[in-house]
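As structure tokens, the structure follows; a few thoughts come after it.
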There are 2 protein chains.
Amino acid sequence: MSRTKGAVSIRDVAAAAGVSVATVSRVLSPASAAVPMRKETRGKVERAIEELGYRPNDLARALLQNRTAAIGLVVPDISNPYYPPLVRGVEDVASSHGYRVVLCNTDRDPDKLTGYLDTLIKTRVDGIVVAGGGWTDAPDRTAVLGTYRTGLVAVGRHLTAHPSVRIDNVAASRSAAGHLIGLGHRRLTFLGGPESSTTVQDRAQGFRDALTASALDGLAPAVRFGSFTEESGYALARDVLGSSRPPTALLCANDRIALGAYAAAADTAHRIPGDVSVVGFDDTPIARYVRPTLTTVSIPTYEMGSAAVRLLLAQLAGEDAPAVETMPTRLVLRDSSAAPAAGRAHDVLSLTSSSSSEREVRCASRWRAAGRVACSWLR
Amino acid sequence: MSRTKGAVSIRDVAAAAGVSVATVSRVLSPASAAVPMRKETRGKVERAIEELGYRPNDLARALLQNRTAAIGLVVPDISNPYYPPLVRGVEDVASSHGYRVVLCNTDRDPDKLTGYLDTLIKTRVDGIVVAGGGWTDAPDRTAVLGTYRTGLVAVGRHLTAHPSVRIDNVAASRSAAGHLIGLGHRRLTFLGGPESSTTVQDRAQGFRDALTASALDGLAPAVRFGSFTEESGYALARDVLGSSRPPTALLCANDRIALGAYAAAADTAHRIPGDVSVVGFDDTPIARYVRPTLTTVSIPTYEMGSAAVRLLLAQLAGEDAPAVETMPTRLVLRDSSAAPAAGRAHDVLSLTSSSSSEREVRCASRWRAAGRVACSWLR
DNA sequence: TTGTACGCGTTATCAG
DNA sequence: CTGATAACGCGTACAA
């Protein structure tokens with residue numbers, strides 16, 4: 001019996017088996033099979049381990065080996081539907097490599113970030129994945145990491161010197177706007193989130209690029225900012241749709257904003273997509289369930305999470321990994337975007353649909369893919 | 001300089017400050033202020049800590065104190081929209097008490113559960129929160145915990161001897177069915193998930209109870225089982241709605257099943273709620289966004305997560321906590337449930353709406369609550 | 001007021 | 001083939 005807690009230690013096992021702790025350690029060692037050892041001895045030890053319910057103390061192991069097999073995962077808020085798949089991606093590849101994941105929610109609060117970073121360093125995690133940042137002062141905050149050789153990979157754009165996994169927000173937005181322009185829309189408005197967000201800036205830029213490329217930028221250089229919420233989307237859309245010459249298409253910085261726009265359209269008697277087309281960003285699960293279903297840019301969040309961990313592990317292994325890995329997005333066409341009604345599509349220009357490196361896909365139902373019964377409206 | 005990694009240890013600080021390690025330890029000790037110490041010495045130490053970017057090694061500390069300040073959180077799948085709020089609830093109160101959270105996704109696979117439990121014990125977490133189980137053989141699997149005095153709190157029903165946080169599924173389901181019966185429905189069908197799930201069993205039971213209480217059980221004792229997916233809900237609903245005398249109301253074991261039912265209704269030309277009312281379970285975010293908005297039973301998942309941690313911490317502190325804490329659910333009335341159309345409500349009986357301990361609320365928009373502009377269809 | 005020495009549970013090294 | 005022992009980084013009696 002050990003003295004502290006009820007915990008059984010390697011010494012208890014050694015005593016029970018009538019051998020030394022070194023022998024027990026050898027049985028447990030990963031190189032166990034290779035090590036020559038009398039079968040009988042091994043048996044005694046294994047029996048003792050079994051009977052006592054012994055579980056090696058990874059703390060002691062980590063202390064000695066300078067490696068905890070733990071990684072920290074920092075997200076703004078797991079309740080935001082955008083993050084669960086990313087978290088799952090992280091956890092899946094982490095656990096498949098024997099790493100465990102410590103989850104931290106920052107609410108985008110710099111102080112919380114600092115606090116969590118500190119905690120993670122004190123517990124000596126081997127590495128950290130920081131998602132959804134846009135921490136303008138990140139360099140300062142991550143400076144300590146070097147001292148403890150803690151790996152770091154960012155997901156999304158960060159002003160750090162660390163490797164990162166990203167998407168090309170400019171191109172994705174350009175593609176989405178191009179889709180609308182290709183449908184014949186001439187008056188478009190971008191409904192953004194916080195102007196300080198680099199993500200929003202990039203998406204706004206892609207929007208402007210598409211207009212410029214189609215020589216539409218003079219007509220309606222409408223870019224509005226707000227926050228990443230339904231409320232904000234509602235307010236912006238309501239304002240815009242209530243103007244004397246409302247746009248026929250809205251490109252929204254995320255799906256939540258788009259949902260707000262849906263509500264504003266309903267309240268101002270605009271039909272979607274008859275009177276106004278709406279396109280979102282993120283392809284949140286909800287996008288498939290709202291009516292009309294929402295055309296939106298799908299972001300491979302699960303893959304970004306798993307890629308981040310792979311990058312991190314490579315970094316920890318000393319391999320030289322790419323500094324930035326860009327993942328592909330795709331525009332998922334659903335029912336909220338269509339050609340503008342005849343009477344509304346003035347300002348017509350002749351143009352070809354903007355070329356794009358993104359794939360535009362007509363999204364096939366998973367049910368159909370699985371060969372199940374067809375189902376009309378779920379896509 | 002320390003030998004391993006780049007890590008700076010307490011010895012490095014001591015050397016830099018020209019004091020002993022004990023002195024440095026004293027500065028860092030929580031009882032630091034109480035301990036008498038020359039101001040100058042303390043200053044030297046603090047400066048050294050600052051300059052070296054020293055962070056105490058919590059592994060060593062934990063090894064010594066037999067307490068890791070970590071808890072494990074086991075969920076079936078964080079990607080399931082039901083869990084993020086629960087996880088957030090756990091993380092919030094854990095972190096506010098200085099604990100960190102290790103996240104584990106089991107996919108309801110008993111082997112994964114066992115594996116994670118093992119990992120958590122090896123890393124000597126102080127306690128574990130297991131959510132969404134229904135592990136029929138959980139007792140065996142958690143037996144080891146006793147050896148290491150690892151706390152455990154279950155969320156949802158588990159066949160273990162551990163404390164748990166629950167909801168009263170029977171009562172909640174009875175209440176939901178009562179709502180439909182109160183509206184005048186006489187032919188109701190319960191669309192369940194896996195029959196092996198205790199949650200499903202309870203919800204089915206509450207459904208039957210309500211019918212029995214209204215003497216309707218002879219008319220349509222329709223209880224169907226399947227899985228917790230849209231596909232299953234679609235298949236069951238399609239089958240049921242295609243029968244010669246279809247039900248006028250469907251009570252679904254969760255929102256995903258309800259969404260499948262929506263699709264089936266659309267494909268069989270049944271209008272919701274005109275031809276058939278649909279009620280779900282869980283109040284997933286999607287419930288507010290589908291058309292018609294979905295009447296459903298709201299479950300306080302965030303609160304269940306935070307309550308679980310409070311229970312766990314009490315348990316760790318040796319306080320005697322309640323063995324089972326039951327949290328209140330509420331039926332959120334939206335647009336998918338209404339009185340049956342006149343021609344369809346035969347089999348009429350006179351009855352009062354079933355009394356219920358649950359609150360039925362007409363859900364007020366957060367927007368309105370916040371005093372923002374009214375918005376017609378988002379609720 | 002500060003320093004020394006031991007132990008926490010392991011693993012690695014080196015004898016035997 | 002197996003056992004004794006020195007670390008790993010820290011907290012804490014106890015000594016100075």
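Distance alone, capped at 3.5 Å, places no donor-acceptor pair between the A/Ser306 side chain and the A/Val93 backbone. Between the A/Thr123 side chain and the A/Thr119 main chain, a donor and an acceptor come within less than 3.5 Å of each other. At least one donor-acceptor pair closer than 3.5 Å links the side chain of A/Asp126 to the backbone N or O of A/Thr68.
Taking 4.0 angstrom as the limit, B/Arg11 places a side-chain polar atom (N or O) nearer than this to OP1 or OP2 of D/dC8. Put simply, A/Tyr148 has no side-chain N or O that comes within less than 4.0 Å of OP1 or OP2 on D/dG9. Residue B/Tyr54 has a polar side-chain atom (N or O) positioned under 4.0 Å from OP1 or OP2 of D/dC10. Distances shorter than 4.0 Å separate some side-chain N or O of B/Ser20 from OP1 or OP2 on C/dG3. Using a 4.0 Å cut-off, some side-chain N or O of A/Arg61 falls inside it from OP1 or OP2 of C/dT11. One finds a side-chain N or O of B/Thr23 lying less than 4.0 angstrom from the OP1 or OP2 phosphate oxygen of C/dG3. Remark: A/Arg26 is not in phosphate contact with C/dA12, judged by side-chain N or O atoms under 4.0 Å from OP1 or OP2. Here B/Thr41 reaches the OP1 or OP2 of C/dT2: one of its side-chain N or O atoms lies under 4.0 Å away.
Judged purely by distance below 3.5 Å, without hydrogens or angles, the side chains of A/Arg108 and A/Thr106 never pair a donor atom with an acceptor atom. In the model, B/Arg11 has no side-chain atom that pairs as donor or acceptor with a side-chain atom of B/Ser9 under 3.5 Å. With hydrogens and angles left out, the side-chain atoms of A/Asn105 and A/Tyr116 include no donor and acceptor closer than 3.5 Å.
One end of the helix from C/dT1-D/dA16 to C/dG16-D/dC1 points its axis 50° away from the other end's axis, with each axis taken from 5 pairs and the angle rounded to 10°.
A salt bridge links B/Asp92 with B/Arg88: the distance from a Lys NZ or Arg NE/NH1/NH2 to an Asp or Glu carboxylate oxygen falls below 4.0 Å.
For the atom pair CD of B/Glu46 and OH of B/Tyr54, the computed distance is 13.5 Å after rounding to the nearest 0.5 Å.
Donor-acceptor pairing under 3.5 Å, judged by distance alone, is absent between the side chain of B/Arg124 and the base of C/dG9.
Across the protein-nucleic acid pair, B/Arg67 atom CZ and C/dG9 atom P stand 17 Å apart, rounded to whole Å. The separation between B/Leu64 atom CG and C/dT10 atom C1' is 15 Å, rounded to whole Å. Going from atom CG of A/Leu63 over to atom C1' of D/dC10 covers 8 Å, rounded to whole Å. Between B/Leu52 atom CG and D/dG9 atom P the separation is 14 Å, expressed in whole Å. Between B/Gln65 atom CD and D/dC10 atom P the separation is 12 Å, expressed in whole Å. Counting to the nearest Å, the C1' atom of D/dA7 and the CD1 atom of B/Ile10 are 17 Å from each other. For the pair A/Asn66 CG and C/dG9 P, the interatomic distance rounds to 20 Å; values are reported in whole Å. At whole-Å resolution of the value, CG in A/Asp58 and P in C/dT10 are 9 Å apart.
Nearest-nucleotide positions on DNA chain D for B/Arg55 and A/Val21 put A/Val21 closer to the 5' end.
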